[in-house]
Amino acid sequence: MNAPHLNRALVLEAVVRTPDGAGGFTEAWSALGTLWAEVLPGSGNDVLGEERMLSAVPYRVTVRGAPVGSPSRPVAGQRFREGTRIFQVQAVTERDPDGRYLTCFAREEVPK
């Protein structure tokens, strides 16, 4: 297995829910740290968003391995940010048997 080319700095973010005082909550994204990654695109398609069509492209984002429970280990529901680009993490698995790298299956949605 060849080592991935970790040449892009992505900010790992997690959603933080705060009570709004009226029985509900507000959501905001909080940065957990910056991870160096290899980002490889898949084939795109169109999906229907809440109010408009979105162009959705799947990506395989490879980062260095981290133990389960570590704040630097991505999990489904988090996201990567690169400037204005957002990659929603959908699943995470070990890339190799030793867990040196993780493959994150992510999706970038762009308004049409």
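Every heavy atom of this structure was used, including side-chain atoms; hydrogens, water molecules and symmetry mates were not.
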To the closest 0.5 Å, what do you measure between [atom1] ([X]) and [atom2] ([Y])?
| X | Y | atom1 | atom2 | answer |
| --- | --- | --- | --- | --- |
| Arg73 | Cys104 | CZ | SG | 8.5 Å |
| Ser30 | Glu13 | OG | CD | 8.0 Å |
| Arg60 | Thr103 | CZ | OG1 | 7.0 Å |
| Leu10 | Ile86 | CG | CD1 | 10.5 Å |

Donor-acceptor pair, distance only, cut-off 3.5 Å: does the side chain of Arg81 make one with the backbone of Val11?
no

Can a donor-acceptor pair be found, under 3.5 Å and without considering hydrogens, that links the side chain of Asp96 to the backbone of Asp98?
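Side chain of Asp96 to backbone of Asp98, a donor-acceptor pair under 3.5 Å: yes, one is there.
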
Using ring-ring contact (aromatic ring centres under 6.0 Å, His included) as the criterion, list what pairs up with Phe80, not counting sequence neighbours.
none

List for me each residue that meets ring-ring contact (aromatic ring centres under 6.0 Å, His included) alongside Phe105, sequence neighbours excluded, and say none if there are none.
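Result, ring-ring contact (aromatic ring centres under 6.0 Å, His included) vs Phe105: none returned.
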
Minimum heavy-atom separation for [X] to [Y], with atom names?
| X | Y | answer |
| --- | --- | --- |
| Ala14 | Trp29 | C-CE3, 3.4 Å |
| Ala106 | Val61 | CB-CG2, 4.3 Å |
| Thr34 | Ala9 | CG2-CB, 3.8 Å |
| Pro4 | Thr62 | CG-CG2, 3.7 Å |
| Asp20 | Ala22 | OD1-N, 2.8 Å |
| Leu6 | Val63 | CD2-CA, 4.5 Å |

Any side-chain heavy atom of Leu102 within less than 4.5 Å of one from Glu94?
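SC-SC contact between Leu102 and Glu94 confirmed.
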
Can you confirm whether Leu35 sits close enough to Pro74 that some side-chain heavy atom of one is under 4.5 Å from a side-chain heavy atom of the other?
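A side-chain contact exists here, since the closest heavy-atom pair is under 4.5 Å.
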
Residues in side chain to side chain donor-acceptor pair (under 3.5 Å) contact with [X], at least two apart in sequence or another chain:
| X | result |
| --- | --- |
| Arg64 | none |
| Ser72 | Ser70 |
| Arg85 | Tyr59, Glu108 |

Passing option when Gln78 is tested against Leu12, Val92, Val15 for side-chain contact (heavy atoms from CB on, under 4.5 Å)
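When side-chain contact (heavy atoms from CB on, under 4.5 Å) is applied between Gln78 and each of Leu12, Val92, Val15, only Leu12 qualifies.
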
The criterion is salt bridge (charged side-chain N to carboxylate O under 4.0 Å, His left out); which residues satisfy it with Arg8, sequence neighbours excluded?
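Per chain and number, Arg8 pairs via salt bridge (charged side-chain N to carboxylate O under 4.0 Å, His left out) with Glu82.
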
